[in-house]
Amino acid sequence: MAQRPRKSSLPESSGHPCAWAGCVLGGDYKAPKSRQSAHEYQWFCLEHVKAFNQNWNYFEGMNEDQIYAFQKDATLGHRPTWKSGTGAPPLEHALEEALRGFWNGEKATQTKLVKPIKARDKDALALLDLEHPVDKATIKKQYRALVKKTHPDVNKGSKQAEELFKKLAKAYDHLIKHYEG
Ligand SMILES: [Zn+2]
């Protein structure tokens with residue numbers, strides 16, 4: 001098993017960004033890159049080091065690229081698609097979501113006063129791996145991080161990345177113009 005995150009390291013920042021595809025949080029938890037590169041490390045936020053650990057068995061036989069592709073699926077799908085048998089218990093996942101909101105400086109009470117949201121806004125947010133409500137600064141930050149990873153310049157020849165890049169641009173454009181968080 002990969003090592004467990006230590007609670008005591010929480011307040012300190014490692015200075016590394018979370019290595020999970022599409023995640024913009026700080027990566028304060030260390031994990032091996034893959035089963036093949038068990039001595040090389042990468043950094044994740046708490047939610048993603050847990051997701052990484054939970055999927056450790058599933059990653060068997062995968063190289064770093066394949067693991068990254070899995071992460072991208074999990075991040076850019078509607079919600080993380082946990083494989084059966086390695087699934088995160090729903091309660092624990094909800095708790096992590098709440099914690100993530102807490103670390104982002106949101107107040108827990110804020111989620112109770114959420115305005116209804118249009119399906120198109122929701123889809124655009126989901127594509128950026130964001131949830132209503134969210135402010136435009138966060139949308140911008142998330143978009144920039146995702147664009148960096150999907151930009152045609154860094155994904156030479158990847159049709160998939162190009163498609164995603166375009167979709168992200170559309171979603172971002174829509175949100176900036178129409179979304180009221
Ligand atoms: Zn993360």
Side-chain angles (χ1 to χ4, degrees), residues 1-35 37-38 40-59 62-83 86-106 108 111 124-135 137-151 154-155 161 164-165 167-168 171-172 175 181:
M1 275 305 279
Q3 68 178 103
R4 287 164 152 245
R6 282 172 306 135
K7 278 255 185 296
S8 60
S9 64
L10 193 58
E12 293 166 39
S13 170
S14 68
H16 298 269
C18 174
W20 194 273
C23 183
V24 294
L25 298 180
D28 296 336
Y29 300 94
K30 199 159 89 163
K33 281 201 167 175
S34 68
R35 282 177 170 259
S37 327
E40 285 178 72
Y41 293 99
Q42 58 187 337
W43 300 82
F44 291 112
C45 66
L46 179 59
E47 182 183 355
H48 288 136
V49 81
K50 282 191 180 178
F52 188 84
N53 287 349
Q54 274 157 359
N55 287 287
W56 182 247
N57 291 328
Y58 176 72
F59 292 150
M62 287 191 187
N63 62 29
E64 283 168 43
D65 285 348
Q66 288 165 324
I67 293 172
Y68 188 80
F70 167 86
Q71 292 171 357
K72 206 148 74 172
D73 272 3
T75 304
L76 296 172
H78 290 106
R79 281 290 87 200
T81 48
W82 307 108
K83 303 291 161 189
T86 59
L91 187 65
E92 194 185 332
H93 190 68
L95 182 69
E96 284 170 23
E97 290 281 312
L99 279 175
R100 184 158 75 156
F102 175 70
W103 290 331
N104 285 340
E106 294 164 11
T111 52
L125 284 175
L127 196 69
L128 293 169
D129 194 35
L130 292 170
E131 270 177 24
H132 179 66
V134 64
D135 58 45
T138 307
I139 294 173
K140 238 176 225 179
K141 198 173 141 198
Q142 175 78 328
Y143 175 66
R144 282 206 200 111
L146 291 174
V147 152
K148 245 186 249 170
K149 290 181 177 167
T150 57
H151 196 282
V154 293
N155 294 281
L164 194 58
F165 182 75
K167 275 189 194 171
L168 287 171
Y172 175 71
L175 290 170

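Worth saying up front: this structure is predicted, and the values here are computed from it rather than measured. Counting starts at 1 for both ligands and their atoms, in listed order.
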Taking 2.8 Å as the strict upper bound, the Zn ion (ligand 1) has protein N, O or S neighbours numbering 4
- Message: Quick one, Glu131 and Leu125 - any side-chain contact, counting heavy atoms below 4.5 Å?
- Response: no
- Query: For the residue pair Phe44 and Phe52, is the inter-centroid distance of their aromatic rings smaller than 6.0 Å?
  - Reply: yes
Closest heavy-atom pair, Leu128 versus Ile139, reported as atoms and distance to 0.1 Å, is CD1-CG2, 4.1 Å
What one should report as the nearest heavy-atom pair of Gln71 and Ala21 is OE1-N, 3.2 Å
In short, Lys149 meets Trp20 closest at the heavy-atom pair NZ-O, 3.2 Å
With sequence neighbours left out, the residues meeting side chain to side chain contact (heavy atoms under 4.5 Å, CB included) with Lys140 are Arg144, Tyr172
